[in-house]
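Notes follow once the structure below has been shown.
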Amino acid sequence: MVRTEKKMSARQLFLFIIQAQIGVGVLSIPYKLNETAKGGAGITVLITGVITQLIILMYWVLLRKFPDLNLFQICLRLGGRVFGKLLIAGYIGYFVLLGANIMLSAVGVLQRWMMNATPTWILLALFSIMTYYMAKEKLTVLARFYTLSSALFIPLIIFVSYGITQAHLEYMFPLMEAGIWNILKATKDTTISMYGFEVILIIFPLIEASDKKKLMMVSMSNLFVTLFYTFVVCTCLMVFNTEQLRLIPEPVLYLVKSLNFYIVDRADVLFLPIWSITLVCSITSYTYSASVGLAQLTNRKDHKLFTPYVNAAMFLITLIPATPIAIHRLDVSAEYAAYLFIFVLPLAMMTVSKLFKKKVGRPA
Amino acid sequence: MSQSSQHAFFSLDQNTKYIQKALFDTHDLKIKDHPFKDTQGALIYLESLVDPILIERNIITPMGFGEGKSLPELFTTLRMERNDDLEKGIQGLMQGSCLYLLDGNDEFYVLTVPAKYERSITEPENEAIVRGPHNGFIENLTANLNLIRQQINSPDLTVRYHTVGNTVPRKVAMLFVQNLCDSELVQKVEQRLSDISLDTVMSTGFIQELMEDNPYSIFPQHLNTERPDRTCAYLIDGHIALILDGDPTALIVPACFFTFYQTPDDYNNRWMIASFIRFIRFISFITAFQLPAIYIATVSFHSNVLPIQLFFTIQGSLTRIPYPPIVEAMILELIFELLREAGLRLPSRVGQTIGIVGGLVIGDAIVKAGLVSYTMTIVVALTAISSFLIPSNEMNSALRILRFPLMIAAALFGYIGISFGLTLLFIHLCKLESFGKPYFYPVAPLKFKGLKDAFSRFPAWKVRKKAHGNDN
Amino acid sequence: MKRSIAVLGGILSVALLAGCWDREYLKDLNLAYSAGFDLTKDKKIKETVELIIPPEAEQSGTKNEIHSAVGETTRGASNELRVRVRGNMRVIKNGVQVIGKDLAVNGLKPPMDVNFRDPDNPSSNVRLVIADGEASEIISRKEVGELKIGEFLVQKINSLEKMSLFYPPETMDTVFKALKDPGQDFALPYIGLEGEEIIAKGVALFHDQYFSGSLNAEDSIMLVLLKGRSGDNARFTKKIEDGPLRGNISFNVGKKKVNRKFKVMVGKNGEIHVLLSIKLKGLIEEYTGSLPLNETTILRINQELTDMLTRQARDVVRSLQKANCDIFGVGRELIAYHNRLWKQKDWAKDYPDVQFHTNVQVSIINTGIIQ
């Protein structure tokens, strides 16, 4: 049975990008930012939001020039057969790397907080199974699931909001303590947590909406994510003082740990399984993108065949680092890969495409 | 079904002998000599299939006044055919017609005089409601169509007959309302019906299996009901109903997840009560298969979630149990399933005794003996009660079975295991489609208009007609 | 499809065969509900725990056992204990931790570190209490009346919080916060043994992580009011010496909200002035004098009480400064709003020089059902 990709609606796009963006980074952003930006971390997040918005705009300009083509097809068009295929392979590698990175961080957090004794590979295998089962489906199924799991934001936001009851506004002041330069420098740490919107490069042609509407939806997702992160960061800054934050790598979880409802004593034990579903969504977007890339590379229509390989590759990559130093190295390599693939290459592609005077249509 | 044909013989004897042999000399084949205008003639019928009153009234009596009239004018049966193919005649015999043959003619008459032995129309036991019509389908297809047509008087209601089954064919009626139903859907259903190649179709269950999008899934993709009012409601909503002759169950397609949570009671009661009851049904969805898993995960992995008083209470009840909670849960669930299956087959008089045995002996004694704990008994009992809340039996069974893998996942990995299991479950639900319609509509492709009827029941004036949009 | 099922099945069966790792059955846990920590003569930590034993049959109550062990650190002592007690002792549901005075004087951070680090240790509901003397003596009491010692302590502290002796409740979380905050100090409930009974002696004041002083019970209530909060009740009994009003007055200022003004101002030479004034509204619960409490009498009572309470408040603040306990968070205000000045100060030395201008104003609004 040939599975044709039906199209996604604009509302689903909004939730899709949000789910793809929110990942494991938000748990530890306040910690990382506290080192450099101190009280001004909220401003850092807002600035990062602006940066990502600019990148999204750049994508939009690029994609508009090639209607109905996704990233891989654009690569082929602009780079010719050989160089284009190299580009595609590069992107596939990037997606796999980033997906593995998220999976590793996620499992790391889970291990430290909840399941100390379970071997890492078992948790990794669980995540891999979940992402495999989801990524092999067509896009509309992914969109449906993401929409469904967006309902899980509500308990997340409620949990973090409870933290405001313990907040002291003074902990965040003075805002500019670190100085404007540090605040700007700190955006480097935040950007990696906001990645996920690059999946728009792959799904752009599969959305049922006008170009303008697509841009608006993605921008709104970015806005929502930025505001959410700002909210989380500011709450953490107000609940914990600087000295404390220096010691706590995941302030959000620490905050949730101190919540006490009537029936449940430890809210973080509930928070983490709910959170892991959002993480699965993020990893799946990368798996899906990589599978589509592989399908494009081998000229097949259905990405279902490639998903097991992508997942196996991610699983193997996550098994390699065993010490915190090795994990850190993986993080750094993911960061630099991201700069290349998210920013530099699309920028190059956009400038090259400007050389084409008119819009290019569907490939034959 | 043998497609051969046999031209009738001119001799009456030869014809009757042929027919007897074709029916292997079955004893309920009756041949009555009945001459007409001095020609030898015979009435041949299967006495198990014909109504003798109809024969007498419409065939024998008019033939007695046959002065000057020809046979076709005399027979007053509803359907009369002239045929010369004996095989077709035998088919007619099988369907309750009687044949009248005249010696010297190679044509004979096929007259429909079917007998009807029917159940009276009563409310189906499994689908009783509090307020509303109390009739239900019976085995005869025509009677069922009658019930439906009485409720939907519109000429838009179309019936299409199909036959399924190669060796023993059965008649299936496909009903839909012209302007309200998607023509693509109609085509799909007809296509799948004709694709069925079985020797025979014993019940609608077979049709269901062969027509489903995903027969490996645990969730049913057709709704089956024995109630005409429910069928009509779905027909008006744009669904298609399939009724098999001889089976009082109607199949409704396409069926989505939330269809299984609706009963006619919801629409017959006032909207606030109906919404409240629907809400309770959804809570039962959560408790019906997650409660044992959550309990096992909490008690085995994450005891720090419990508040301190509850902690000690549960610890107290668990101390004397020699095996882990998962084993305890499995034992109790097994006992409960045994009780339930036994309860289905008990004659009602013995049922009371078993109720006492099950409740007192097993429930109380097993705890006192230290084999299971009180808290586990409460959990399993609550789960069992919740699983009965679901109006559809098939969905019920699906959820019952789902309980076990989730319990195992919880016993292996705690809350992460439950999260894992639920994620896989919901991915599956998002993936499933029933004849092209997403299974988890209206939650999965989020359509707010559809939500009005899913989790609650908005008053009738607020629910506008279904929008035929791009369902993805 | 079939292949993927086989692969999934393979992975899962491996997981099943290998067993489950994080599993800890509830029935196997031995809970240490309350713990006491002392400093022994050779600078080691002595830990005394109350273990809750689950009931023999359902519906009967739980029992407790007291055990004690010595180790280099908190976790070390706990490990020693595990050698002695039955089963795996876990502290996942701690209710209260009592710290002996010697240990508190030596610094709270090292012994408490394990509470913040281990994810299984709860921190949001655990009360921290300082004992005048040895904590092990208090825990070893085992039972007070019908209640086990842990329950007794928790209930006692809860009721004292309602009486505004300690407010807001100091849990492990808030202590952690304050331990790490250079501009804020904290105070913990201070209990002691008097004869056979465990009584609340007031609050123990801390400077950074060291125990540096204490306030008695009435002063503790005043401290709570100065912080701007109150529990359900805050009762004082004052004696008016002379004049026609002579008598004893018991009044309760906890029922109404405390109106508090707290302002940190910086003078020209970097001196810090703190304006702290509270307005209290009280209900008279008992009056042993002879005058009827009509409007004029009440005005005079207000004046008397204002004077008395202001004096008391100033004494409290003096004790705070002597103990170097910055409980109002003056330092925090400086960090937030006068950051440059803060960087120049050495707070440990400069806090006692801060000039507090404290004022308490009392107004009686209710005299009960008789005049």
Side-chain angles (χ1 to χ4, degrees), chain A residues 1 5-9 11-12 14-15 107 110 114-115 117-118 122-123 125-127 129-152 206 208 257 260-277 279-281 284, chain B residues 188 192 213-214 256-257 290 293-294 297-298 300-311 314 409-410 412-433 436-451 454-455 469-472:
Chain A
M1 188 166 76
E5 297 268 355
K6 275 209 287 194
K7 295 205 174 180
M8 196 162 77
S9 76
R11 197 187 302 147
Q12 286 175 325
F14 174 61
L15 292 169
V107 168
L110 273 180
M114 272 176 76
M115 327 216 33
T118 316
I122 293 268
L123 290 174
L126 281 184
F127 269 88
I129 294 177
M130 280 196 270
T131 50
Y132 166 64
Y133 196 51
M134 184 144 65
K136 70 184 175 82
E137 296 302 324
K138 52 186 187 192
L139 187 65
T140 43
V141 174
L142 261 84
R144 283 180 220 161
F145 185 77
Y146 282 29
T147 317
L148 199 58
S149 52
S150 303
L152 292 175
L206 293 170
E208 181 107 8
K257 173 160 124 89
N260 244 322
F261 302 112
Y262 282 111
I263 323 181
V264 285
D265 253 5
R266 296 267 316 260
D268 60 317
V269 168
L270 293 179
F271 182 86
L272 276 171
I274 298 181
W275 187 252
S276 53
I277 299 186
L279 292 175
V280 168
C281 290
T284 311
Chain B
K188 235 188 242 185
R192 292 211 195 161
D213 284 79
N214 190 345
C256 298
F257 186 76
Q290 292 179 29
I294 295 180
T298 311
S300 309
F301 284 79
H302 304 286
S303 348
N304 43 15
V305 172
L306 296 167
I308 188 84
Q309 280 301 91
L310 206 55
F311 186 95
I314 299 186
L412 284 179
F413 298 109
Y415 285 158
I416 297 288
I418 299 184
S419 167
F420 173 67
L422 285 180
T423 313
L424 286 183
L425 177 71
F426 279 105
I427 296 176
H428 182 76
L429 279 175
C430 285
K431 197 167 58 137
L432 212 52
E433 282 180 1
K437 190 163 168 200
Y439 198 67
F440 221 41
Y441 176 94
V443 171
L446 192 63
K447 295 260 189 292
F448 288 112
K449 291 203 182 97
L451 274 182
F455 288 108
N470 183 6
D471 278 343
N472 52 5

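The figures that follow rest on heavy atoms only: side chains count, while hydrogens, waters and symmetry mates do not. Order of the sequence lines sets the chain letters (A, B, ...), proteins ahead of strands, with each chain counted from 1.
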Whatever's closer than 4.5 Å to a heavy atom in chain A on B:Phe440 counts as side chain
Side chain / backbone / both / neither for A:Leu110 at chain B, heavy atoms under 4.5 Å: side chain
CZ/A:Phe145 to NZ/B:Lys431 distance, rounded to the nearest 0.5 angstrom? 12.5 Å
What distance do A:Arg266 atom CZ and B:His302 atom NE2 have between them, rounded to the nearest 0.5 Å? 10.0 Å
Holding to ring pair (Phe, Tyr, Trp, His ring centres under 6.0 Å), I want the full list of residues that pass it with A:Phe14, two or more places apart in sequence or in another chain. none
side-chain contact (heavy atoms from CB on, under 4.5 Å) with B:Phe420: which of A:Val280, A:Ile277, A:Leu126? A:Leu126
Distance-minimising heavy-atom pair for B:Tyr415 and A:Pro273: CB-CG, 3.6 Å
Given heavy-atom pairs under 4.5 angstrom as the criterion, report whether the side chain, backbone, both or neither of B:Ile427 touches chain A. both
Please state whether the side chain, the backbone, both or neither of B:Leu310 comes within less than 4.5 Å of a heavy atom of chain A. neither
Can you name the residues that form a side chain to side chain contact (heavy atoms under 4.5 Å, CB included) with B:Gln290, not counting sequence neighbours? B:Ile286, B:Ile294, B:Leu406, B:Leu422
